[in-house]
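Working notes, structure below.
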Protein chains: 2
Amino acid sequence: MATNLSQLKQDFTEGLSQISRFWGFPKGMGAIFAVLYLSPTPIPLDEIVSQTGLTKGAVSTEVRTLARMGLVHRSSKLGDRKDYYEAESDFYKSIRSILKERQNSEFDRAIRSVKETLEKLESGSVSGVEAEVAFVHQRVKALQEFFDAIDSLSNAVIKLEKLGLTNVKSILNILK
Amino acid sequence: MATNLSQLKQDFTEGLSQISRFWGFPKGMGAIFAVLYLSPTPIPLDEIVSQTGLTKGAVSTEVRTLARMGLVHRSSKLGDRKDYYEAESDFYKSIRSILKERQNSEFDRAIRSVKETLEKLESGSVSGVEAEVAFVHQRVKALQEFFDAIDSLSNAVIKLEKLGLTNVKSILNILK
DNA sequence: TAGAACGTTTAGTAACTACTAAACGTAGTA
DNA sequence: TACTACGTTTAGTAGTTACTAAACGTTCTA
C-alpha cells in the first residue's frame with residue numbers, strides 16, 4: 001500500500017509520456033516536462049538527462065521546443081555556466097502560447113486554402129455543371145463555418161487567461 | 001481567373017489531406033473524406049480509389065476507421081453488391097463520436113493514471129521528505145484540475161449538438 | 001595555453017507508419 | 001460448376017520519426 005516518492009514520480013512521468021505521444025509529440029517531451037513539473041527548483045540539463053534516461057542531445061533539442069511552446073522556461077544563475085529549466089505551471093498560459101505558435105503553422109496554411117476555395121466559389125468564377133457547383137459551394141461553406149467556430153473557440157480559450165479555473169468551470173456549467 | 005470544378009475539388013482535397021496529417025491522421029484519410037464530402041451522392045469504393053489514387057486495400061481499411069469515427073457512413077443498395085459511402089456533414093455529430101471513441105483510448109488510460117497518482121498522494125500513503133511530497137501533491141493536483149477542465153469542455157462540446165452553429169458563436173461572444 | 005564543463009549539432013539507426021501489390025474469401029451469376 | 005465482381009487481409013516497402021553516440025564549439029578555470 002505504501003509508495004515511495006521516487007516510484008510515484010516515475011509513474012507520473014510514464015503517464016505524461018503517453019499523453020505526450022497521444023498528442024503527437026515525442027514521448028521524451030512528456031517525460032522531460034514531467035520531471036521539471038515535479039521539481040520544486042529549476043534543474044540543469046544534466047539532471048534531466050539522468051532522470052529521464054535520454055541523452056544530452058535529445059534533451060537539448062526537445063527542451064528547446066518545449067521552451068518555444070512556453071511549457072518550460074530556461075534560466076541561468078550568475079557565476080554558473082549551466083542553464084536551468086523549470087516547468088510553466090500555469091497551463092492556460094501554456095495553451096495560449098501553443099495556440100499562438102500554431103497560428104503560423106502548416107495547419108493554418110491548410111485552413112486558409114479551404115478559405116480560398118470558398119472565395120473562388122463565391123466569386124462565381126468556377127465553371128461546371130451548375131447544380132454540382134452549387135452543392136460543392138454549400139459543402140465548402142459549411143466546412144468553413146465549422147473552422148470559424150473552432151477558431152472562435154480557441155480564441156476564447158486564449159482570452160480566458162485572466163479567469164481562474166473555477167470561473168472556467170462555472171462558464172461551462174452555463175452551457176449545461 | 002476561371003477555375004474548373006474538378007481542379008477546385010482537387011485543391012480542396014489537397015487541403016483536407018494536410019489538415020488530416022496535421023492532426024496525426026494519415027493524409028489519405030483526409031483525401032477520402034474530401035472526395036466523399038464533395039459528392040452529392042454516396043459513392044462506391046471503386047470510385048474513391050480512382051479519385052484519390054490510393055489502392056483498394058488502403059481505401060478499404062481507412063474508410064473503416066473513418067466510419068468508426070462517425071465521419072462517414074456505409075450503406076448498400078438492394079440488388080447491388082457494392083458498398084456505398086457518404087460523408088457525415090454534421091461536424092458536431094462527428095466530433096461527438098470522435099470524443100466518445102476517445103473515452104476508451106490510451107489517452108484516457110494515461111489520464112486515469114494521473115488520477116491514481118493523485119489518489120495515492122491524498123491517501124497519505126506516500127513516503128518521502130514531507131515538504132517534497134507536499135510540493136508534488138500540489139502540482140499533481142493542479143494538473144488533475146486542468147484535465148478536469150478539459151474534460152468538462154469536451155463534454156460541453158458534446159452537449160452542444162442541439163444548439164446550432166450560430167448559437168455556439170453567440171456563446172463564444174459572451175466570453176469576449 | 002591546456003583542460004574541463006557545458007550545450008549544440010550531426011550522422012547514423014531502430015522502430016514505426018502509411019502505404020502498395022497481390023493473394024484471398026465470399027457471394028452472386030452464367 | 002466455373003466465372004466474375006466485389007471487399008478484405010497479408011506481406012513487403014519507402015519514408016518518416018525519435019532517438020543515440022560522438023564530434024564539435026564555446027566559455028570559464030588553472
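Quick caveat, the model's predicted, so the values are computed rather than measured. So you know, we letter chains A, B, ... as the sequences are listed, proteins then strands, and number each from 1. These numbers come from the heavy atoms of this one structure, side chains and all, not from hydrogens, waters or symmetry mates.
Position along DNA chain D of the nearest nucleotide to Leu45(B) versus Glu62(A) favours Leu45(B) as the more 5'-ward residue.
The nearest whole Å value for the distance from the CD1 atom in Ile43(B) to the P atom in dC6(D) is 15 Å. Following rounding to the nearest Å, Lys27(B) (NZ) and dC19(C) (P) show an atom-to-atom distance of 7 Å. Whole-Å rounding puts the Ile32(B) CD1 to dA18(C) P distance at 12 Å. Nucleotide dA27(C) holds its P atom 13 Å from the CG atom of Asp83(B), rounded to whole Å. Atom pair Lys77(B):NZ and dC6(D):P shows a separation of 13 Å (rounding to whole Å applied). Taking atom CD1 of Ile48(A) as the reference point, atom P of dG7(C) lies 9 Å away to the nearest angstrom. Atom CG in Asp80(B) sits roughly 14 Å away from atom C1' in dT29(C) (whole-Å rounding). Remark: C1' of dG7(D) and OH of Tyr84(B) are 14 Å apart, rounded to the nearest angstrom.
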Query raised in the report: Can you give one letter per nucleotide of nucleotides 20-30 of chain D, 5' to 3': B if a protein heavy atom sits under 4.0 Å from the base, S if only from the sugar-phosphate, - if neither?
Result: BS-----BS--
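Atom OG of Ser123(A) and atom CG of Leu118(A) lie 10.0 Å apart (nearest 0.5 Å). For the atom pair OG1 (Thr117(A)) and CZ (Arg139(A)), the distance works out to 15.5 Å, reported to the nearest 0.5 Å.
Distance from the side chain of Asp46(B) is smallest for dG7(D) among the nucleotides dG7(C), dA18(D), dG7(D). Considering only side-chain atoms of Arg74(A), the nucleotide from dG7(D), dG7(C), dC19(C) that sits closest is dG7(C).
Ring-centre distance between Tyr85(B) and Phe33(B): not below the 6.0 Å cut-off.
Residue Ser60(B) has a polar side-chain atom (N or O) positioned under 4.0 Å from OP1 or OP2 of dT8(D).
Side-chain contact between Leu143(A) and Phe12(B) is present, with at least one heavy-atom pair separated by less than 4.5 Å. The closest side-chain heavy-atom distance from Val49(B) to Thr55(B) is not below 4.5 Å. Residues Asp11(B) and Lys120(A) are in side-chain contact: their nearest non-hydrogen atoms beyond the backbone lie under 4.5 Å apart.
Nucleic acid contact for Arg21(B): none, since no nucleic acid atom lies under 4.0 Å from a heavy atom of the residue.
A salt bridge does not link Lys27(A) with Glu14(A): every distance from a Lys NZ or Arg NE/NH1/NH2 to an Asp or Glu carboxylate oxygen is 4.0 Å or more.
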